[in-house]
Amino acid sequence: MQDIDLHGLLGIARVARGRAYVPYSKYPVGAALLCGSGKVYPGCNVENAAYSICMCAERTALCSAVAAGETEFVAMAVIADSDRPVPPCGMCRQALWELAPNMPILLGNLRGAERKTSSRELLPDGFTADDMPTLPVS
Ligand code: THU
């Protein structure tokens, strides 16, 4: 098991936040995802004039890691200029449940407030493939 430097991860998330594309909300969010290979994948929110297809920082990091071939997700950090350490949205919690159901997560804000949590704590009862008993077996 590799050592997890959650504060280092939060620093990478802060840099990624600077690359966010947020012309609509003007609310940049950064994420960083440490994977089993030891690589860290940054994420930022990427918005769109069709608002509903906006991508959150957390899912951007997850999708980048999957696209790069990662299969093991070790830890994540997320940061925004929020009053409290930024809480991931429900959609991101469900996305985390699928790929990293019990992963440590450090949430932060620009004022230095932090909350250490986990994907399991953020979404204790996610929807899973087992909830679709009629799913055809491949
Ligand atoms: N957002 C994230 O990227 N992550 C979060 O944890 C909360 C919300 C983004 C989505 C949208 O681009 C902006 O923040 C405002 O909701």
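Just the heavy atoms: all of them, side chains too, but no hydrogens, waters or symmetry mates, feed the values below. Atoms within each ligand, like the ligands themselves, are counted from 1 in listed order.
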Tightest non-hydrogen contact, residues Leu96 and Leu62, listed as CD2-CD1, 3.9 Å

Short list, please: which atoms of ligand 1 are under 4.0 Å from a heavy atom of Ser25? 13 (C), 15 (C)

Does Ile79 share a hydrophobic cluster with Ile12, counting links as ILVMFWY side-chain heavy atoms below 4.5 Å and allowing steps through other members? yes

If the cut-off is 4.0 Å to any non-hydrogen atom of Glu47, which atoms of ligand 1 fall inside it? 11 (C), 12 (O), 13 (C)

Is there a path of hydrophobic side-chain contacts, each under 4.5 Å between heavy atoms of I/L/V/M/F/W/Y residues, joining Val66 to Leu33? yes

Enumerated ligand 1 atoms positioned under 4.0 Å from heavy atoms of Asn45: 3 (O), 9 (C), 11 (C), 12 (O), 13 (C), 14 (O)

Among all protein heavy atoms, pick out the one at the shortest distance from atom 16 (O) of ligand 1; state its residue, atom name and that distance to 0.1 Å. Tyr27 CD2, 4.8 Å

Protein contact of atom 10 (C) of ligand 1 - nearest heavy atom, named by residue and atom, plus distance: Cys56 SG, 3.8 Å

Among all residues two or more places apart in sequence or in another chain, which pass the ring-ring contact (aromatic ring centres under 6.0 Å, His included) test with Tyr24? Tyr51

Between Ser119 and Asn102 the two heavy atoms that sit nearest each other are OG-N, 3.4 Å

I need the atoms of ligand 1 closer than 4.0 Å to a non-hydrogen atom of Pro87, numbered in the order shown. 6 (O)

Can you spot which of Val74, Leu106, Leu34 makes a side chain to side chain contact (heavy atoms under 4.5 Å, CB included) with Leu9? Leu34

Consider only side-chain heavy atoms of I, L, V, M, F, W and Y, link residues closer than 4.5 Å, and tell whether Leu6 and Leu110 are in one cluster. yes

Does Pro88 have a heavy atom less than 4.0 Å from any atom of ligand 1? yes

Students should be able to answer this: which protein heavy-atom is nearest to atom 4 (N) of ligand 1, and at what distance? Glu58 OE1, 2.9 Å

What protein heavy atom sits nearest atom 3 (O) of ligand 1, and how far off is it? Ala57 N, 2.9 Å

